[in-house]
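Here is the structure we will look at.
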Amino acid sequence: KGLQNKIRNHSPESKVELIYNGYDSDLFKPNPNKFEKYTIVFHGNLGKFQRIDLLVEVARLMEKSHPDIQFKVIGYGPGEKHLQNPPSNLEYLGLMKYEDIASYIAKCHMGISLRTDDEISREALPVKVFEYIGVGIPVIVTPQGEASELVENKKLGSTAKNKAQKIIQKIL
């Protein structure tokens, strides 16, 4: 909606339609067979708007206190540099075929989408959020903005500030 409003403000005479992201419901569907350990997944672009550093910090802080919680990261991009020396409870799986991502995340217990706290991220609705919804797992979203409003209003998960302890509280 934020981008739609910007376009309307910039070009008031233009007709602007809002079309949300979505997911392929033939691929992204719930799976009752979950990983044995509680698994939190992040998948997609590891780009400049993703807080992979914060995800690693959260995993590192939970490594000893909650060894029964595992983190999985699927994707590629510049954020890979944060995954060079991950804690033992975080596994970086790298690039994966799109079809395989769907079945993999369906076996997880929770999805996570940590983004930078800026205007672009506050107005974004990442595709990964819809794909988590598609497989029926709750999602934690940062920063507070359009995606977090959707997740909280529809009771699909929770939002947190980009602070490790706040995110850990939401996970627990």
Side-chain angles (χ1 to χ4, degrees), residues 19-47 49-77 79-80 82-84 86-115 121 124-160 162 164 166-172:
I19 301 171
Y20 285 106
N21 284 333
Y23 63 91
D24 183 340
S25 60
D26 290 333
L27 287 177
F28 292 87
K29 33 185 139 184
N31 182 349
N33 301 316
K34 302 293 183 191
F35 289 112
E36 188 175 324
K37 287 191 173 187
Y38 194 89
T39 304
I40 300 169
V41 65
F42 173 98
H43 78 287
N45 177 17
L46 307 180
F49 295 109
Q50 312 304 322
R51 289 293 312 272
I52 305 307
D53 61 321
L54 181 57
L55 180 60
V56 171
E57 181 184 353
V58 166
R60 199 170 303 286
L61 289 169
M62 296 183 74
E63 182 179 22
K64 299 286 187 253
S65 62
H66 294 87
D68 52 328
I69 297 177
Q70 297 293 299
F71 293 84
K72 306 289 184 181
V73 177
I74 303 166
Y76 67 97
E80 288 175 305
H82 299 292
L83 299 164
Q84 298 302 317
S88 62
N89 60 344
L90 189 152
E91 181 180 9
Y92 176 45
L93 300 166
L95 195 57
M96 191 180 283
K97 289 182 185 175
Y98 189 66
E99 298 80 17
D100 295 337
I101 290 170
S103 60
Y104 191 90
I105 69 171
K107 295 190 293 184
C108 296
H109 299 86
M110 178 183 288
I112 195 162
S113 177
L114 307 179
R115 294 177 57 96
S121 291
L125 269 166
V127 172
K128 71 175 61 58
V129 172
F130 288 95
E131 292 169 344
Y132 297 145
I133 293 167
V135 299
I137 60 175
V139 59
I140 293 178
V141 176
T142 73
Q144 294 178 326
E146 211 166 316
S148 65
E149 284 177 23
L150 171 75
V151 165
E152 288 208 327
N153 289 342
K154 300 291 183 184
K155 297 182 179 11
L156 300 167
S158 191
T159 185
N162 275 330
K166 298 289 184 188
I167 295 164
I168 290 169
Q169 287 174 352
K170 294 295 183 170
I171 289 171
L172 297 176

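Between the CG atom in L114 and the OG atom in S121 there is a gap of 10.5 Å [rounded to 0.5 Å]. Annotation: the span from Y76 atom OH to M96 atom CE amounts to 14.0 Å, rounded to 0.5 Å. With values rounded to the nearest 0.5 angstrom, I167 atom CD1 is found 10.5 Å from S158 atom OG. Separating the CG atom in N89 from the CG atom in D68 is a distance of 10.0 Å, to the nearest 0.5 Å.
S148 places none of its side-chain heavy atoms less than 4.5 Å from the side chain of T142. Using a 4.5 Å cut-off on side-chain heavy atoms (C-beta onward), I74 and D100 make no contact. In this structure, L90 and F42 have side chains that are not in contact, with every pair of non-hydrogen atoms separated by 4.5 Å or more. With a 4.5 Å cut-off on side-chain heavy atoms, V41 and F35 do not count as touching. Counting only heavy atoms from C-beta outward, the side chains of L172 and M62 approach each other to under 4.5 Å. Put simply, the side chain of F28 reaches to within 4.5 Å of the side chain of I105, judged on heavy atoms. Considering only heavy atoms from C-beta on, I40 stays 4.5 Å or farther from I140 through its side chain. Contact of the K34 side chain with the T39 side chain is not registered, since no non-hydrogen atoms from C-beta on lie closer than 4.5 Å.
Residues passing the salt bridge (charged side-chain N to carboxylate O under 4.0 Å, His left out) test with K170: none are found, sequence neighbours excluded. Under the rule for a side-chain hydrogen bond (donor to acceptor under 3.5 Å, both in side chains), Q144 has no partner lying at least two apart in sequence or in another chain.
In Q84, the CD atom is crowded: over 12 heavy atoms of neighbouring residues, nucleotides or ligands sit closer than 6.0 Å.
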**Prompt:** What's the verdict on side chain to side chain contact (heavy atoms under 4.5 Å, CB included) for Y92 and I52, showing C-alpha distance, side-chain angles and the deciding distance?
**Reply:** CA-CA 11 Å; Y92 176 45; I52 305 307; over 6 Å; no

**Message:** Run V56 and L83 through side chain to side chain contact (heavy atoms under 4.5 Å, CB included) and show every step you take.
**Reply:** CA-CA 7 Å; V56 171; L83 299 164; 3.7 Å; yes

**Message:** Before you tell me yes or no, could you show the steps for Y104 and K72 under side chain to side chain contact (heavy atoms under 4.5 Å, CB included), namely the whole-Å CA-CA distance, both residues' side-chain angles and the distance that decides it to 0.1 Å?
**Reply:** CA-CA 10 Å; Y104 191 90; K72 306 289 184 181; 3.4 Å; yes

**Item:** Residues L46, V73; criterion side chain to side chain contact (heavy atoms under 4.5 Å, CB included); working and verdict
**Value:** CA-CA 9 Å; L46 307 180; V73 177; 4.0 Å; yes

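Taking both residues in full, the closest heavy atoms of A147 and V141 are given as CB-CG1, 3.8 Å, listed atom of the first, atom of the second, then distance. Minimum heavy-atom separation, K128 to H43: CE-O, 2.6 Å. Of all the heavy atoms in A164 and L61, the pair that sits closest is CB-CD1, 3.6 Å. The nearest pair of heavy atoms linking P30 to G134 is CD-O, 3.4 Å. Considering every non-hydrogen atom in both A124 and R115, the closest pair reads CB-NH2, 3.7 Å. For the pair N21 and P126, the tightest heavy-atom approach, listed with the atom from each and the gap, is ND2-C, 4.0 Å.
Applying the side-chain hydrogen bond (donor to acceptor under 3.5 Å, both in side chains) rule to pairs touching residues 52-64 yields R51-D53, E63-S88, sequence neighbours excluded.
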